[in-house]
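What you see below is based on every heavy atom in this structure, not just the backbone, and it leaves out hydrogens, waters and symmetry mates. Naming convention: chains lettered A, B, ... in sequence-line order (proteins, then strands); numbering from 1 in each chain. Predicted, not measured: the structure shown is a model, and the values here were computed from it.
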There are 2 protein chains.
Amino acid sequence: MDKKKFISFLADRNLKLTRERDEIFQAVLAKKKHFAPDDLFLEMKTGGSKISRASVYRTIPLLVESGMIEEVERVDKHAHYERVPENGHHDHMICTRCGRVIEFYSEGLEELQARICTQKNFKGTRHSLEILGVCEKCGS
Amino acid sequence: MDKKKFISFLADRNLKLTRERDEIFQAVLAKKKHFAPDDLFLEMKTGGSKISRASVYRTIPLLVESGMIEEVERVDKHAHYERVPENGHHDHMICTRCGRVIEFYSEGLEELQARICTQKNFKGTRHSLEILGVCEKCGS
DNA sequence: ATATAATTGAGACAGAGTCTCAATATCACT
DNA sequence: AGTGATATTGAGACTCTGTCTCAATTATAT
């Protein structure tokens, strides 16, 4: 996902590339891990930006729709996002003791899901799989 | 999940079987579909109970831990739960157009996940898989 | 340069869920 | 059954995430 793609996404929908959207795009680009919208907003503010909470919350769905980020686990009460990684989609294991998040990807799992969708005449576009349990370190 | 199991779950943890917990247990038992905690609370109130919101919110994690209910999809902003069905666990497909929830179960999917957990030395206890997309009816 | 339509920020608002603490209820043990 | 130690409750204030409104501002096509 590069900026050109985001700009053309906006253009396609008659949306404007404003300074605010650009700032948010950059801030998200700098994110290496999961983040919550409100944290992003606070970080930007702290970093000197004049952005408003509303703009952050308004822009996030655009980033999702343009394919730059996706919503991830909600162990917590509120939404979390992460950049769609270059190396593609993955799922998560979440340790209920220490909160560690382990990313994994299984081709077999993806294929099996696709097959199940076909069976049910369901056009799956994305999915989220979270396995809760206890990680190696905590599982003494 | 019957009441005896819940009672012994409580006993194991030095928790008391109060009238309130019992009321909530019964109310949840009567639920056939997904429900949100706040709705449950309001229904109980409307039904004449003197229960407090705090008690409902406090009891729900106990029902989850005792295996009576599990948290399900969060397309919405808040948590939803459903009774763990007699016929066992299942996953969900969620139509992003009409909101319909399709339940499905795949033995293969379960096994594959178990295998992945083993590989990662992760003790999976439960999982939630939601496939988002467009259902048969909406996918014209 | 201008017109039009999209966008912004501030802050009020809404809704879910949590917390506090004094009053009360449960249960194990007589 | 009575008692004491401990768990639990309800009310409502509070927090936090997220949404909405609307007048002022800004991006873009022309």
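Between Ile60(A) atom CD1 and dT8(C) atom P there is a gap of 13 Å when expressed in whole angstrom units. Remark: P of dT24(C) and CZ of Arg21(B) are 19 Å apart, rounded to the nearest angstrom. Across the protein-nucleic acid pair, Leu15(A) atom CG and dT7(C) atom C1' stand 10 Å apart, rounded to whole Å. In this entry the distance linking CG of Leu17(A) with P of dA6(C) reads 16 Å, nearest Å. As rounded to whole Å, 11 Å separates atom P of dC27(C) from atom CG of Asp22(B). Distance, Tyr57(B) OH to dC16(D) C1': 13 Å, rounded to whole Å. Across the protein-nucleic acid pair, Ile24(A) atom CD1 and dT7(C) atom C1' stand 11 Å apart, rounded to whole Å. Between Glu20(A) atom CD and dA24(D) atom C1' there is a gap of 13 Å when expressed in whole angstrom units.
Side-chain N or O atoms of Thr46(A) include one that pairs as donor or acceptor with a backbone N or O of Leu42(A) at under 3.5 Å. The backbone N or O of Asp38(A) lies less than 3.5 Å from no partner atom in the side chain of Arg53(A), so there is not a single donor-acceptor pair.
Look at Thr18(A) and you'll find a side-chain N or O under 4.0 angstrom from OP1 or OP2 of dT8(C).
At a threshold of 4.5 Å between non-hydrogen side-chain atoms, the residues Phe6(A) and Leu63(A) count as touching.
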Please test Lys3(A) against Phe25(A) for side chain to side chain contact (heavy atoms under 4.5 Å, CB included), starting from the C-alpha separation and ending with a verdict. CA-CA 8 Å; Lys3(A) 195 145 152 196; Phe25(A) 178 91; 3.9 Å; yes

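Within residues 36-43 of chain B, the residues that have a heavy atom under 4.0 Å from DNA chain C are, in order of number, Pro37(B), Asp38(B). Taking a 4.0 Å limit (strictly below) on heavy-atom distances, residues 47-54 of chain B reaches DNA chain D at Lys50(B), Ile51(B), Ser52(B), Ala54(B).
A distance below 6.0 Å separates the ring centres of His34(A) and His92(A).
We find the CZ-CD distance between Arg126(B) and Glu130(A) to be 10.0 Å, quoted to the nearest 0.5 Å.
Scanning atom types as modelled, no donor and acceptor separated by under 3.5 angstrom connect the side chain of Lys16(B) and the base of dA25(C). Taking 3.5 Å as the limit, the base of dG10(D) and the side chain of Arg58(B) contain a donor-acceptor pair of atoms between them.
Looking at Lys31(B) and Glu43(B), a side-chain N of the basic residue comes within less than 4.0 Å of a carboxylate O on the acidic one, giving a salt bridge.
For the residue pair Glu20(A) / Ser55(A), no side-chain donor-acceptor distance below 3.5 Å is found, with atom types taken as modelled. A donor-acceptor contact closer than 3.5 angstrom is absent between the side chains of Glu70(B) and His127(B). A donor-acceptor pair shorter than 3.5 Å cannot be found between the side chains of Glu103(B) and Tyr105(B).
Recorded end-axis angle for the helix from dA1(C)-dT30(D) to dT30(C)-dA1(D) stands at 40°, based on five pairs per end and rounded to 10 degrees.
Residues Pro37(A) and Val56(A) come closest through the heavy atom pair O-CG1, 3.8 Å.
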